[in-house]
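Each remark here refers to the structure printed beneath this line.
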Amino acid sequence: MLASHNSTIANTVPAMLAGINSGIALQPVPARGRGFIAQRDIKAGETVLIDWPIILVCNNLKQYCYNCLRDLSILGHSGVHCSECRIAVFCSDACLRAAKGNPAAHTADVCRVLSKADRSGLNEEDTLSLRLLAQAQALSAASNPHNAVNPTMQEAAQQQWTAFARMQSAAPSVTPLYDQQRSIRLHERLRSTSAAAGVKCMSLQDVEGVLSREGINGYGVMAQSGPEGERRIRGTAIYPLACYVNHECLPNVARVDDFDSSQYPHNTRMCFRALHDLPAGEEITQSYFPLPVGYQERQKRLQEDYGFTCTCPRCKEEASWLSDDEEAMEADAPQTAEGSQEMDTGAGAADEAYIGMFLLKYVCPVEECGGTMLPPPTGDLVPADGTTSFKCNMCGLLRTEEQFMAAVQEQ
Ligand SMILES: C[S@@+](CC[C@H](N)C(=O)[O-])C[C@H]1O[C@@H](n2cnc3c(N)ncnc32)[C@H](O)[C@@H]1O
């Protein structure tokens with residue numbers, strides 16, 4: 001069973017279940033729960049973590065492969081439809097077979113629930129959450145030894161369900177992260193749909209646990225940007241190790257994925273690469289949103305979506321840039337208990353010049369892209385490939401060190 005609030009396991013460190021890491025270890029981090037700490041000096045460009053998802057939920061079943069989220073429009077055919085539900089579409093027979101054999105994807109139970117799903121009155125977000133719940137419900141059922149048809153599948157499902165249960169959930173006191181009315185509504189819908197499909201429904205407590213964990217730990221899998229450059233996602237993914245990478249606004253790693261440029265299962269893996277050299281003992285951190293996002297917006301999103309006030313060196317410095325007008329506006333705006341202007345400024349801060357140079361170096365220069373420029377790969381997980389350019393993890397733009405220096409000269 002998934003508890004909706006994991007106070008007792010908040011600071012325990014789960015064993016690694018899947019994925020590969022190099023030079024990092026999961027440890028308790030003061031005031032942040034758990035996080036990855038470098039165990040040795042790490043070089044710029046090194047891959048420190050490769051992870052595969054427990055659950056992938058497709059946002060648009062007509063546009064992306066239900067199993068691996070590959071963009072169907074690049075295939076040159078309309079995809080392979082599930083012959084039972086006629087709803088799920090796959091990029092290949094291989095993906096269809098893989099999904100049918102994966103309890104968290106599209107086994108017979110999920111297929112029946114999907115075909116019986118009553119979407120009336122549900123908005124897009126609720127429809128996606130219902131899909132996530134159907135997949136999580138099947139994973140939970142498959143993890144139960146009493147339901148086991150195949151011991152190997154049961155063991156794998158149990159490991160995945162346990163990994164999910166160990167992820168941080170939103171405490172009931174943190175709103176709106178924990179929306180109990182929504183959980184009750186979606187549980188009710190899952191119950192009627194599951195009954196129509198002849199499938200046992202998970203408990204309300206499990207529904208709360210799944211939704212709360214997805215909210216904090218789920219990764220949006222990026223799609224091509226919209227016509228105005230707006231960011232779009234093709235689905236949501238739950239990764240058993242990547243979920244432990246904490247946030248900082250001047251991160252030292254960034255993620256890279258290959259959803260369209262490779263084939264299942266390789267395309268669903270997520271890699272984290274170091275942006276610069278970092279010493280043993282330093283925490284591995286990523287930014288939970290694009291680097292150019294401003295201070296007040298970052299604080300708002302971190303508080304609303306993740307339930308914490310960021311006190312990283314960039315936030316400490318940028319808090320002091322607020323003009324009198326902005327401060328007055330902030331004073332009028334609703335404040336959280338911590339108060340975004342009253343941050344502790346005790347520990348080290350990044351100065352304005354450092355922040356400016358960091359953003360110049362790591363923010364993709366393509367307008368509206370918002371991607372992060374990563375150094376060429378190196379290290380033992382993904383060895384050097386001979387490239388010398390930095391590459392954007394969103395649009396793929398390449399930039400050499402010389403081109404970067406020329407951009408610095410222009411400033
Ligand atoms: C995706 S989880 C990261 C792993 C989490 N620390 C754990 O122990 O499972 C995101 C949560 O970690 C915590 N967190 C991440 N970055 C943080 C930071 N810079 N300061 C404080 N808490 C942070 C917040 O509780 C946030 O909701």
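Predicted model only: the values in this text are computed from it and were never measured. Scope of the values below: all heavy atoms of this structure, side chains included, with no hydrogens, waters or symmetry mates. When a ligand or atom number is given, it counts from 1 through the structure's own listing order.
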Side chain to side chain contact (heavy atoms under 4.5 Å, CB included) against Pro375, all qualifying residues, sequence neighbours excluded
Ala44, Leu275, Phe390

Any chance the side chains of Gln303 and Thr309 put a donor and an acceptor closer than 3.5 Å?
yes

Residues Gln158 and Gln154: side-chain donor-acceptor under 3.5 angstrom
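A pair is found: one side chain offers a donor N or O, the other an acceptor, under 3.5 Å apart.
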
Any idea which atoms of ligand 1 are less than 4.0 Å away from a heavy-atom of [X]?
X      : answer
Cys243 : 1 (C), 2 (S), 3 (C), 4 (C)
Asn217 : 1 (C), 2 (S)
Tyr288 : 1 (C), 2 (S), 3 (C), 10 (C), 15 (C)
His247 : 15 (C), 16 (N), 18 (C), 19 (N)
Asn246 : 3 (C), 4 (C), 5 (C), 6 (N), 12 (O), 13 (C), 14 (N), 15 (C), 16 (N)
Gly33  : 8 (O)

Are Tyr66 and His106 an aromatic pair, judged by ring center distance below 6.0 Å?
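Yes, they do, as the ring centres are separated by less than 6.0 Å.
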
Would you find more than 12 non-hydrogen atoms of other residues, nucleotides or ligands less than 6.0 Å from Lys100 atom NZ?
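Counting other residues, nucleotides and ligands, NZ of Lys100 exceeds 12 neighbours.
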
Could you check whether atom CD of Glu155 has more than 12 heavy atoms from other residues, nucleotides or ligands sitting under 6.0 Å from it?
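No.
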
For ligand 1, which is the ligand I care about here, please tell me if [X] has any N or O atom under 3.5 Å from one of the ligand's N or O atoms.
X      : result
Gln168 : yes
Thr309 : no
Tyr244 : no

Which residue pairs pass the side-chain hydrogen bond (donor to acceptor under 3.5 Å, both in side chains) test with at least one member in residues 258-269, sequence neighbours excluded?
Arg234-Asp260

Ligand 1 contact on Ala31 by region, counting heavy-atom pairs under 4.0 Å
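Backbone only.
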
Where on Phe308 is there a heavy atom closer than 4.0 Å to ligand 1, on the side chain, on the backbone, on both, or on neither?
side chain

Heavy-atom contact under 4.0 Å between Arg32 and ligand 1?
yes

Please find the pair of heavy atoms, one from Gly235 and one from Leu69, that lie closest to each other, and give the distance.
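Result for this residue pair: CA-CD1, 4.1 Å.
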
